[in-house]
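For clarity, every value in this text was computed on a predicted model and none was experimentally measured.
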Amino acid sequence: MYILESFFIAFSMYSKIPVPRVEWQEKNMKYAMCFFPAVGMVSGILEVVSGMLLLRAGAGAFLFAVVMTLLPVLVTGGIHMDGFMDTLDALGSYGDREKKLAILKDPHAGAFAILGLCCYLLWSVAVWTEAEADMLPVIGCGYVISRALSGLSVVTFKAARDTGLASTFQAAAVRKRVRVVMIVLILVFSVLSLVLNEKMGAASVLAGLLSFLYYRSVCVRQFGGVTGDLAGYFLQVCELAMLTCIVLAGRIL
């Protein structure tokens, strides 16, 4: 029962997919993070199915790209994009650690957030216009890998502060078990990506790992640890990096 409630908590927190509402308690919060990648699995399946249908229907490259860019945002409700924008404002301030953490908590969007969002969406649309049908399954795997890496950071990195979403999930989680689940999912879907297409799979996995190393550096050096906003920032950066590298590998290599 508590495992099912953990599933509902993960989907209610990290997606707009309707699920029964449950009260957050110590027992059902223990494994909620384990189901975070399941949201990515749903996003990946929707991307693959929608992409195939659009391509078979003869949709234009621009329409296809816009739909594929917006679909993950609709699934998540923009929760990770919000973290991406807040982090850009914090990094753009060039302030000290305390100032950056204060900016993360500010609900207002600054100039860096708006500029970053526009650049992100434009780049995503541009890359998606170059995507082909055989790339979609590998791209779909990336939505699970990125969330597994993000979940791994939450239960591995030091929390930047004692309050907030990341701290809440970190404190409630059975860290060792969640960590094992995240690592297993990363390995399984990385191997699946390689099986689907060796070149594109390798490009996807490499992009994910490099994004994770960059993210860890930002957390440690700039903020002193991880927060929910930083985890969302990483997720968006990782997904775009993986998408870009998959398309480049498919087109060039």
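Side-chain contact between C119 and W123 is absent, with no heavy atoms from C-beta onward closer than 4.5 Å. No side-chain heavy atom of F36 sits less than 4.5 Å from a side-chain heavy atom of M182. Side-chain atoms of L206 and C245, non-hydrogen and from C-beta on, never get closer than 4.5 Å to each other. Contact annotation: the side chain of I139 never approaches that of E239 to less than 4.5 Å [non-hydrogen atoms, C-beta and beyond]. Under the 4.5 Å side-chain criterion, counting only non-hydrogen atoms from C-beta, D106 is not in contact with D89. Using a 4.5 Å heavy-atom cutoff, the side chains of P72 and E47 are in contact.
In terms of modelled atom types and a separation under 3.5 Å, the side chain of S43 and the main chain of V39 share a donor-acceptor contact. The closest donor-acceptor contact from the side chain of S211 to the backbone of A207 lies under 3.5 Å. Checking side-chain atoms of T244 against main-chain N and O of L240 turns up a donor-acceptor pair under 3.5 Å. At distances below 3.5 Å, at least one donor-acceptor pair connects side-chain atoms of R251 with backbone N or O atoms of E130.
To the nearest 0.5 angstrom, Q222 atom CD is 9.0 Å from Y94 atom OH. Separation of atoms CD1 (I103) and NE2 (H108) is listed at 13.0 Å; rounding is to 0.5 Å. In this structure, the separation between CG on L55 and OG on S50 is 10.5 Å, given to the nearest 0.5 Å. To the nearest 0.5 Å, the span separating CG on L149 from CE on M242 amounts to 7.5 Å. Between the CZ atom in F223 and the CG atom in D229 there is a gap of 9.0 Å [rounded to 0.5 Å]. K100 contributes atom NZ, which lies 15.0 Å from atom CG of D86 (distance to the nearest 0.5 angstrom).
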### Task
Give the intermediate values and the outcome of side chain to side chain contact (heavy atoms under 4.5 Å, CB included) for residues L230 and S153.
CA-CA 10 Å; L230 289 172; S153 75; over 6 Å; no

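By the side-chain contact (heavy atoms from CB on, under 4.5 Å) test, A202 is found to be paired with L194, residues two or more places apart in sequence or in another chain being considered. Scored by the ring pair (Phe, Tyr, Trp, His ring centres under 6.0 Å) test, Y215 finds F157, F234 as partners (sequence neighbours excluded). Remark: F84 engages Y120, Y233 in a ring pair (Phe, Tyr, Trp, His ring centres under 6.0 Å) (not counting sequence neighbours).
At a threshold of 4.5 Å between side-chain heavy atoms, the hydrophobic network of Ile, Leu, Val, Met, Phe, Trp and Tyr places L4 and V22 in one connected group. Residue L136 is not grouped with residue L74 when hydrophobic side chains (ILVMFWY) are merged at heavy-atom distances under 4.5 angstrom, including chains of intermediate members. In terms of hydrophobic clustering, with Ile, Leu, Val, Met, Phe, Trp and Tyr side chains grouped at heavy-atom distances under 4.5 Å, L122 and L88 are assigned to different clusters. Linking Ile, Leu, Val, Met, Phe, Trp and Tyr residues whenever their side-chain heavy atoms come within less than 4.5 Å places V237 and L91 in a single cluster. When the side chains of ILVMFWY residues are joined at heavy-atom separations under 4.5 Å, either directly or via intervening members, Y31 and I183 end up in a single hydrophobic cluster.
For Y143 and H80, the gap between ring centers reaches or exceeds 6.0 Å.
Atom CD of E198 has 12 or fewer neighbouring heavy atoms from other residues, nucleotides or ligands inside a 6.0 Å radius.
Each of F11, Y14, F7 was scored for a ring-ring contact (aromatic ring centres under 6.0 Å, His included) with F35, with one residue passing: F7.
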